[in-house]
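Start at 1 and go down the list; that is how both ligands and their atoms are numbered. Heavy-atom basis, side chains included; hydrogens, waters and symmetry copies ignored.
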Amino acid sequence: MLKEKIQDLKKEKGAVILAHYYTSKDVQEVADFLGDSLALSIKAKELDAPIILFAGVNFMAETAKVLCPEKKVLIPVPDAGCSLAESCPAEEFAKFRKRYPDHTVVSYVNTSVEVKALTDVCCTSTNALKIVESIPADQPIIFGPDRNLGGYIRKVTGRENMILWDGSCHVHEKFSLDRIRGLKASHPHAKTVVHPECPAEIVEEADYVGSTAGILEYCGQSQAQEFIVVTESGILVEMRKRYPEKVFIPAPSVHEAACNECNYMKMITLESILACLESETPEVLLDETIRAAAKRSIDNMISVR
Ligand code: 13P
Ligand code: SF4
């Protein structure tokens with residue numbers, strides 16, 4: 001019933017729903033496009049639709065608005081934040097940046113629009129390595145806000161001149177190393193796929209490290225039939241849909257038997273989507289100076305080939 005109402009309203013208003021892989025199954029089922037954080041924002045830009053409803057967390061909807069200011073971008077639950085973005089307040093980041101004026105600032109897209117405006121070039125978990133490698137080796141870098149992604153890139157590149165902001169994601173920090181090792185022992189043929197927001201000791205257990213889109217692609221291309229999935233549980237919906245013959249085992253957190261969930265992503269419900277479509281609020285609105293500065297850092301990322 002709710003789903004039908006949403007589909008009817010979408011048609012009536014010419015609205016398109018973009019949803020991140022971490023949203024609930026119900027939400028994913030009413031989406032027109034599913035994707036990782038950056039792919040969805042780029043999709044928002046390409047779409048010929050007057051209204052974009054972003055079923056994801058706040059920074060993702062903001063990024064879509066940065067890239068397509070002429071469109072109405074709706075966010076069903078503006079309180080759906082992100083612990084990683086929140087671990088990097090813009091005022092603190094501005095002070096940090098001032099201490100290292102000769103450094104190039106690279107920021108993960110999981111940041112507020114204000115932090116993006118203080119950034120030279122953004123990156124995602126897919127392209128972080130490519131972005132850092134595009135900066136001359138002798139040029140020092142500030143990498144924020146994820147110390148885990150930054151630490152991983154620093155290790156892979158051997159780049160000592162990278163200063164890390166001390167932020168992290170509360171979901172990806174909580175996977176249990178012991179339980180992952182236990183799963184690997186009981187499923188010796190399984191491949192372990194890990195999001196780089198996890199701490200180094202978890203990443204070391206991985207056969208593949210990458211973004212949500214990268215993990216999905218790897219699981220399709222790999223000959224393996226079983227995968228231990230070390231990222232937020234919502235991604236299992238798309239994994240099982242795309243590859244029904246394969247087995248996906250969610251990695252457990254330190255706290256409970258269940259896999260980790262992002263409480264922010266799960267705030268988005270069918271009810272909130274319907275209400276948002278009906279009232280065409282809340283809408284993402286950005287200060288134009290900040291938006292333009294943030295856009296430069298995203299454009300700089302997109303231009304790195
Ligand atoms: P992706 O860009 O890989 O979709 O990741 C977004 C995110 O929030 C991971 O926690
Ligand atoms: Fe943010 Fe972590 Fe949720 Fe991703 S999983 S949206 S990084 S809080």
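- Annotation for ligand 1: atoms under 4.0 Å from non-hydrogen atoms of H20 are 1 (P), 4 (O), 6 (C).
- Within the 4.0 Å heavy-atom cutoff, E197 counts among the residues contacting ligand 2.
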Practice item. Step by step, work out the salt bridge (charged side-chain N to carboxylate O under 4.0 Å, His left out) result for E204 and K155. Key: CA-CA 11 Å; E204 269 166 31; K155 188 171 172 212; 3.7 Å; yes
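- Shown here for R147 and L164, the closest heavy-atom pair between the two residues is O-CD1, 3.7 Å.
- In terms of protein heavy-atom proximity, atom 4 (Fe) of ligand 2 is closest to Y22 CE1, 3.9 Å.
- Near N110, meaning under 4.0 Å from one of its heavy atoms, ligand 2 places the atoms 7 (S).
- The protein heavy-atom contact nearest to atom 1 (P) of ligand 1 is T212 OG1, 3.5 Å.
- Under the 4.5 Å side-chain contact rule for hydrophobic residues, I135 and I142 do not share a cluster.
- Taking a cut-off of under 4.0 Å to the non-hydrogen atoms of H172, the atoms of ligand 1 that pass are 10 (O).
- Taking the six-membered ring for Trp and thresholds of 30 and 60 degrees, H195 and H172 have ring planes inclined between 30 and 60 degrees apart.
- Close N/O approach between S37 and ligand 1 is found [any backbone or side-chain N/O within under 3.5 Å].
- In plain terms, the two heavy atoms of E271 and L2 that are nearest each other are OE2-CD1, 3.4 Å.
- For the pair N110 and ligand 1, a heavy-atom separation below 4.0 Å is found.
- Side chains of T281 and E283 form no contact here, defined as non-hydrogen atoms less than 4.5 Å apart.
- One of the N, O or S atoms belonging to C82 lies under 2.8 Å away from atom 1 (Fe) of ligand 2.
- Residue S83 approaches ligand 2 through these ligand atoms, each under 4.0 Å from one of its heavy atoms: 8 (S).
- In summary, E62 and K65 do not engage in a salt bridge, as defined by a charged side-chain N under 4.0 Å from a carboxylate O.
- Inter-residue side-chain proximity for S112 and F59 is flagged as unmet; no heavy-atom pair is nearer than 4.5 Å.
- Between S125 and ligand 1 there is a heavy-atom distance shorter than 4.0 Å.
- For Y22, every heavy-atom contact with ligand 1 shorter than 4.0 Å involves the side chain, none the backbone.
- Among all protein heavy atoms, the one lying closest to atom 2 (Fe) of ligand 2 is C169 SG, 2.3 Å.
- Using a 4.0 Å cut-off between a side-chain N of Lys or Arg and a carboxylate O of Asp or Glu, E91 and K95 do not qualify as a salt bridge.
- A ring-centre distance under 6.0 Å is found for W165 and F96.
- When heavy-atom distances to ligand 1 are checked against a 4.0 Å cut-off, E197 comes that close only through its side chain, counted from C-beta outward.
- For ligand 2, the atoms sitting less than 4.0 Å from at least one non-hydrogen atom of H170 are 8 (S), numbered in the order shown with element in parentheses.
- Going from atom CD of E232 over to atom CZ of F175 covers 8.0 Å, rounded to the nearest 0.5 Å.
- Near S211, with a cut-off below 4.0 Å to any heavy atom, the atoms of ligand 1 are 3 (O).
- Of all the atoms in ligand 1, the ones that sit under 4.0 Å from a non-hydrogen atom of D36 are 1 (P), 2 (O), 4 (O).
- Under the 6.0 Å distance and 45° angle rule, K43 counts as a cation-pi partner of F33.
- Nearest protein neighbour of atom 5 (O) of ligand 1, counting heavy atoms only, is H195 NE2, 3.4 Å.
- Considering only non-hydrogen protein atoms, atom 3 (Fe) of ligand 2 sits nearest to C262 SG, 2.4 Å.
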